[in-house]
Each structure stands twice: as structure tokens, then as C-alpha cells.
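In this text, all values refer to a predicted model and were calculated from it rather than measured experimentally. Letters A, B, ... mirror the listed sequences (proteins, then strands); counts begin at 1.
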Amino acid sequence: MSARSLRIVGALLLLPGFAGPATAEYGDVVINNYSDAAGMRPVIFPHWFHRVRFRCAACHADLGFKFKAGGNEINMMKIIDGEYCGACHNGEIAWSVENCDMCHSAKPGTPTQVHESTVQKLLAPAKPKPRQ
Amino acid sequence: MARLQRRFVFVALLCAACSVRGAGPWQDLADDGLHDPAGPGIGVLQQPGEALSVLPQDGAGNHVHWVKALRDGFITPRHALADEPPPAIDTTEIIMRDTSTLPFVRFPHRAHTEWLDCTICHDRLFERKVGTTPINMGAILQGKYCGVCHGAVAFPLTECNRCHSVRDVPVAKAAAPP
């Protein structure tokens, strides 16, 4: 019990300190497995924008998006074939793939991440790690 | 042990305080630290404040109370791409009691099945039997169990008392493991 509790306290004590001056919207996912290497800006997927229009189930059950930033190995072939983002960004449900800059909108070099997530805060490299 | 427990309370208060920090909750895309201000997408993409400020407010995360926004009809998100029968809503509530000195956790199926399908949680994240999943706070903070969504997309883990919300049962007696 006490070792477990200590770990939680250690982890929690770190949480309040992490608010940077500028913070993107909670739940924004940056996807950058291939973009940087291909000379494109990394992709930003905004959860706040999409959940106004779709329930989680539409994407995470029906379309099979796994709960892992960067974990779906999305690329343009798949999108054009109607998978992942392409299930909607096809000119019918939403605007189509030719709007490159709407999706590829992050600062070059931004790594794959869920912005503002608890895990991201706990693992923030500039901060000391919780004691084991 | 007693000192540890007092620290839990202290931490809980700290976190409650930190969740209301900050003035204007929604950052403009051009200076949010993620979007490239020089990119052509800026100026075309919607500003979060424009869309979210008209929804019921909350103190953390997107600063939107998403449960209310949905129930009170502010938003009507589609549950599938094609017209399909509405998803199954489950209204069972589960009280989780292994919470040390904090109030018990109330897990409401209703608020979850309004957004999610059963198959997203069962049986990949949780067993379909009360008390059989070894949920604990350490694992949650590492992004497991409830922490898969809370701490990434649904309201964040700093909102202790939205989960630890059941106070009217004597806490001391109920610390027995499940």
C-alpha cells in the first residue's frame, strides 16, 4: 500500500507544474510518423472539433481507429482509398484530400503526441521523473 | 500512514486548484504552440473559442461539459457514418470502493454509452463483471483503464472529484479489497 501510494503522490505532485504558457486544445493529436520525413508539416487531428459532430464510437468502433496517437499507421494511400480520415474526408461527408494544409498544419518537427495528456505531462523530459 | 493520507487530501486540493488556473481558456491556433503560424491552414481552420464558448462550460480539459452539451441538445454528434439505429444505452452505475481515503468512485454507464459502444470497453479494457478488473490509480495515471480516455480526450485526471464523487458512505469501513 505505501509504496503504491508514494508512487501516486509522486506522480500527482508533478501534475500542477506543467502548464506551459501556450497550450493547444486538450485532446489535439499530432501525427508524425512519416510527415516530417516526407517534407510535409505534421498532421493535427482536433478531437474537440470532431466530437461536436461525431460520437467516439463512429471513429473508434466503426472505423477502427485504435486508441494510440500514431498507432494506426495512417498514410495518404489509405486515406485516398477511403480508410481512416478518408472515410469522411472524401468530398461527401467532409471536404476531400486536396486540402493538404488543413490537416498538415503543425510546426515542422513536432513529434507524435496527444497534446496536454496526463501521460505526456508525466513524461515531460524537462521535469524530474516521479520516484519509483 | 496517517501522514500519507493527509498528503492525498492535500494533493487532491492542489489539483482542484490547478484545474481552474488560467484566464482565457481557449488559445488561438496561431499561438497554441502546435500549429505552424506560417502555415496556410491558419486562417481557414476554426478557432476553438469560436466553437466551444457557446457550449456548457466546465473547469478543465476543453472547458466544455461534454455530458451536458450532449444531453441538453447543444450538440447532436452522429454515432455512425450511415443512418443506423441508435446505440445501446446502459444505465447501470458501479461504485468502486478501493479508494484509500478519497470518496468512492462512481462509474456511470449512461454517460459513457451515450458516446461509446460497449465493444470499445468490453472486454478489452474492462471485464463485464463488477470488481474483476484490477483498476487502480497508479495504472490510471499511466494511461490504462479509465486513464485511456480521461487524461487524453475525456475530462482530465486532475478532476479527482468527478470520479471520486460518492461521499455519503462511511469511507473507513469500505477500504476492504474487492
Side-chain angles (χ1 to χ4, degrees), chain A residues 1-2 4-9 11-13 15-17 19-30 41 44 46-58 60-63 67 69 87-88 93 99-108 110 114-122, chain B residues 1 4-5 7-8 11 14-15 17-18 21-22 26-27 29 31-37 39-42 44-46 48 51-52 55 60-64 66 69 75 77-81 87 100 114-117 119-120 136-138 141-143 147-153 156-158:
Chain A
M1 168 68 199
S2 74
R4 178 176 76 159
S5 306
L6 267 176
R7 267 203 305 278
I8 297 174
V9 170
L12 290 174
L13 280 175
L15 280 179
T23 50
E25 205 42 46
Y26 182 71
D28 277 2
V29 179
V30 178
R41 289 184 180 81
I44 298 179
H47 266 102
W48 62 269
F49 182 95
H50 287 85
R51 70 181 293 187
V52 167
R53 293 160 175 79
F54 295 93
R55 287 161 212 249
C56 326
H60 289 291
D62 302 357
L63 297 179
F67 283 141
C88 299
I93 294 171
N99 300 295
C100 318
D101 301 321
M102 297 283 275
C103 293
H104 292 275
S105 65
K107 284 184 184 162
T110 313
V114 194
H115 193 70
E116 285 289 283
S117 75
T118 308
V119 174
Q120 184 196 36
K121 289 179 180 181
L122 288 175
Chain B
M1 191 60 215
L4 251 184
Q5 296 184 340
R7 287 188 73 186
F8 273 132
V11 168
L14 239 178
C15 289
C18 74
R21 121 210 105 211
W26 301 287
Q27 196 79 37
L29 297 181
D31 38 46
D32 70 0
L34 281 192
H35 287 85
D36 184 352
I42 294 289
V44 188
L45 295 171
Q46 188 177 33
L52 303 183
L55 302 179
N62 298 121
H63 297 269
V64 170
W66 290 106
I75 55 171
R78 295 166 65 177
H79 55 87
L81 301 191
S100 184
E114 283 169 349
W115 287 99
L116 297 148
D117 283 358
T119 52
I120 292 180
N136 65 77
M137 207 56 218
L141 284 162
Q142 286 168 38
V148 170
C149 300
H150 295 280
V153 176
L157 294 173
T158 43

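- To the nearest 0.5 Å, atom CD1 of residue B:I75 and atom CZ of residue A:R51 are 7.0 Å apart.
- Across every non-hydrogen atom of A:A61 and B:D117, the tightest pair is CB-OD2, 3.7 Å.
- For B:P77 against A:R55, the heavy-atom pair with the smallest separation is O-NE, 2.9 Å.
- Counting heavy-atom pairs closer than 4.5 Å to chain A, the top residue among B:T119, B:L29, B:V44, B:L52 is B:L52.
- Annotation: side chain of B:I42 is not in contact with side chain of A:S105 (no heavy-atom distance under 4.5 Å).
- Using a 4.5 Å cut-off between heavy atoms, A:A69 makes no contact with chain B at all.
- Contact count against chain A (heavy-atom pairs under 4.5 Å) is highest for B:P48 among B:P48, B:C149, B:A69, B:G61.
- Nearest heavy atom pair, residue B:G33 against residue A:K107, reads O-NZ, 3.7 Å.
- Nearest approach of A:A58 to B:R78, heavy atoms of both residues: CB-O, 4.1 Å.
- Using a 4.5 Å cut-off between heavy atoms, A:V52 contacts chain B through both its backbone and its side chain.
- Residue contact with chain B, scored on non-hydrogen atoms closer than 4.5 Å, involves the side chain of A:F49 exclusively.
- Heavy atoms closer than 4.5 Å to chain A are found in both the backbone and the side chain of B:V153.
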Assess the residue pair B:D32 and A:E25 against the criterion (side chain to side chain contact (heavy atoms under 4.5 Å, CB included)); give the C-alpha distance rounded to whole Å, side-chain angles, the decisive distance to 0.1 Å, and a yes or no.
CA-CA 8 Å; B:D32 70 0; A:E25 205 42 46; over 6 Å; no
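- Residue A:D62 comes nearest to B:H79 through the heavy atom pair OD2-O, 3.7 Å, listed as atom of the first residue, atom of the second, then distance.
- Side-chain contact between B:L34 and A:D28 is present, with heavy atoms from C-beta onward closer than 4.5 Å.
- The shortest distance between side-chain heavy atoms of B:H63 and A:W48 does not fall below 4.5 Å.
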Assess whether side chain to side chain contact (heavy atoms under 4.5 Å, CB included) is satisfied between B:L81 and A:I93, documenting all intermediate values.
CA-CA 8 Å; B:L81 301 191; A:I93 294 171; 4.1 Å; yes
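- Only the side chain of A:T110 comes within contact range of chain B, with at least one heavy atom under 4.5 Å from a heavy atom of that chain.
- For the pair B:L116/A:H60, no side-chain contact is recorded, criterion being any heavy-atom separation below 4.5 Å from C-beta on.
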